[in-house]
Amino acid sequence: MSKIIGLTGGIGSGKTTVANMFLELDVPVYIADDEAKKLMNKSKIIKRKLLKLFGDKAYVNDTLYKPFIAKKIFNNKELLEKMNAIVHPKVATHFKRWVAKQKAPYVIKEAAILFENQNYLQCDAIILVVADEDTRIQRVIKRDNSTKKQVKAIMSNQWPDEKKIALSQFVIKNNTLPNTRKEVKKIHKKILTTICET
Ligand code: ADP
């Protein structure tokens, strides 16, 4: 069974960028948010429950209508939690099946929320990606065409870095891409020689 390495970091820290660097090293990568979105469109059970929670406007042409959902859950923690309670158990099962099929010594599970929901406890080690808050905000504004206010609202639902650093085995400061790639290679070797050997 492959070891499970969690990869997390706040919005805009560079998780996905780092995940792609591991993929280049032939490490299987599971992007939890992408898989959740796919399951929301594919799973009949999820669909039925979300329609019940949000109403008919949640799906357009059989596809989850994200702007409607985003508007509904923005500033409504209770609704967000109800949605998570529908989607997360299905993602957890899907992930377990995916891991069982992998043959690599370890896999990466990338998720924005890993500590906040206790999922880190199912990982053999955690890699945390960090960057200054201002840098992160600027990167996300550029990537998503969003506003500073929107980025800050998402950040407010995520733990601060200090709290996450204390629980992580590896921390990558994502300043320049060449530096980050070097760090990724170092961590890859370390995981293979330490965590995968136990
Ligand atoms: P996350 O998945 O943590 O939200 P991303 O990996 O999508 O973050 O990175 C946010 C944005 O910043 C993306 O557009 C990405 O291309 C860019 N980016 C990531 N790392 C760097 C870096 N070291 N230097 C410059 N831009 C970066």
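Positions are given from 1 along the sequence.
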What are the two closest heavy atoms between Gly12 and Val140, and how far apart are they?
CA-CG2, 3.4 Å

Find out if a path of hydrophobic residues (ILVMFWY) with successive side-chain heavy-atom gaps under 4.5 Å connects Leu167 to Ile165.
no

Got Lys72 and Met83 here, is their nearest side-chain heavy-atom distance under 4.5 Å?
no

Val107/Ile5 under side-chain contact (heavy atoms from CB on, under 4.5 Å): CA gap, chis, key distance, verdict:
CA-CA 6 Å; Val107 302; Ile5 308 296; over 6 Å; no

Nearest heavy-atom contact between Gly6 and Leu114 is CA-CD2, 3.8 Å

Using the rule given for side-chain contact (heavy atoms from CB on, under 4.5 Å), can you reason through Lys38 versus His94, listing the C-alpha separation, both sets of side-chain angles and the distance that settles it, and then say yes or no?
CA-CA 11 Å; Lys38 278 191 227 161; His94 182 260; over 6 Å; no

Give a yes/no verdict on a cation-pi contact between Lys163 and Phe115, requiring under 6.0 Å between NZ or CZ and the six-membered ring centre and an angle within 45° of the axis.
no

Would you call Lys152 and Glu133 a salt bridge, using N to O less than 4.0 angstrom?
yes

Nearest-0.5 Å distance that lies between atom NZ in Lys15 and atom CG in Asn20
12.5 Å

Is it true that a side-chain atom of Ser43 and a backbone atom of Met40 form a donor plus acceptor pair closer than 3.5 Å?
no

Quiz question: by atom type and distance under 3.5 Å, do the side chains of Thr180 and Asn174 form a donor-acceptor pair?
yes

Do Ile113 and Asn119 have side chains that approach each other closer than 4.5 Å (heavy atoms only, starting at C-beta)?
no

Just wondering, do Met21 and Leu177 contact through their side chains at under 4.5 Å, heavy atoms?
yes

Thr194 and Lys189: CA distance, side-chain angles, deciding distance, side-chain contact (heavy atoms from CB on, under 4.5 Å) verdict
CA-CA 8 Å; Thr194 57; Lys189 272 189 197 145; over 6 Å; no

Side chains of Phe54 and Ile73, heavy atoms from C-beta outward: is any pair under 4.5 Å?
yes

Is Lys3 close to Glu197 at the side-chain level, that is, under 4.5 Å between some pair of heavy atoms?
no

Measuring from Ile195:CD1 to Lys190:NZ, what's the distance to the nearest 0.5 Å?
8.5 Å

Pair Lys77 + Glu81: basic N to acidic O under 4.0 Å
no

NZ or CZ of Lys57 within 45° of Tyr65 ring axis and under 6.0 Å
no

Determine, using the 4.5 Å side-chain heavy-atom cutoff (strictly less than), whether Phe95 and Ile86 are members of one ILVMFWY cluster.
yes

Any salt bridge between Glu24 and Arg181, counting N to O under 4.0 Å?
yes

Would you say Asn41's side chain and Leu64's backbone share a donor-acceptor pair under 3.5 angstrom?
yes

Provide the closest heavy-atom pair for Gly14 versus Val129 in the form atom of the first, atom of the second, distance.
C-CG1, 4.1 Å

Any chain of hydrophobic side-chain contacts (each under 4.5 Å) joining Tyr120 to Ile127?
no

State the CG-CG distance between Leu192 and Leu25, to the nearest 0.5 angstrom.
9.0 Å

If we ignore hydrogens and angles and just use 3.5 Å, is the side chain of Ser168 paired with the main-chain N or O of Val171 as donor and acceptor?
no

Test side-chain contact (heavy atoms from CB on, under 4.5 Å) on Lys148 and Val151 and set out the steps.
CA-CA 5 Å; Lys148 190 169 176 173; Val151 185; 5.9 Å; no

State yes or no: do Val29 and Ile4 share one hydrophobic cluster built from I, L, V, M, F, W and Y residues joined by side-chain heavy-atom distances below 4.5 Å, directly or via other members?
no

Could you tell me whether the side chain of Asn84 reaches within less than 4.5 Å of the side chain of Leu80, counting heavy atoms only?
yes

Any idea how Tyr30 and Trp98 line up, ring-wise: parallel (<30°), tilted (30 to 60°), or perpendicular (>60°)?
tilted

Between Glu110 and Thr16, a side-chain donor and acceptor under 3.5 Å
yes

Donor-acceptor under 3.5 Å (Thr63 side chain, Tyr59 main chain)
no

Pair Lys173 + Asp132: basic N to acidic O under 4.0 Å:
yes

Lys47 side chain reached by Lys42 side chain, heavy atoms, under 4.5 Å
no

Side-chain donor or acceptor of Gln150 paired with backbone N/O of Thr147 under 3.5 Å
yes

For the residue pair Lys186 and Val184, establish whether any side-chain heavy-atom pair is separated by less than 4.5 Å.
no

Could you pull out the closest heavy-atom pair between Ile31 and Ala19, with the gap in Å?
CD1-CB, 4.0 Å

Without swapping roles, check the side chain of Thr8 against the backbone of Ala112 for a donor-acceptor pair under 3.5 Å.
yes

In one Ile/Leu/Val/Met/Phe/Trp/Tyr side-chain cluster, 4.5 Å: Ile154, Phe68
no

Neighbour count above 12 (heavy atom, 6.0 Å) for Ile45 CD1:
no

Closest non-hydrogen atoms of Ser13 and Gly10, given as atom of the first, atom of the second and distance, are OG-O, 2.8 Å

Closest heavy-atom pair, Arg136 versus Ile11, reported as atoms and distance to 0.1 Å, is NE-O, 2.9 Å

Hey, would you say the His188 and Phe170 ring centroids sit under 6.0 Å apart?
no

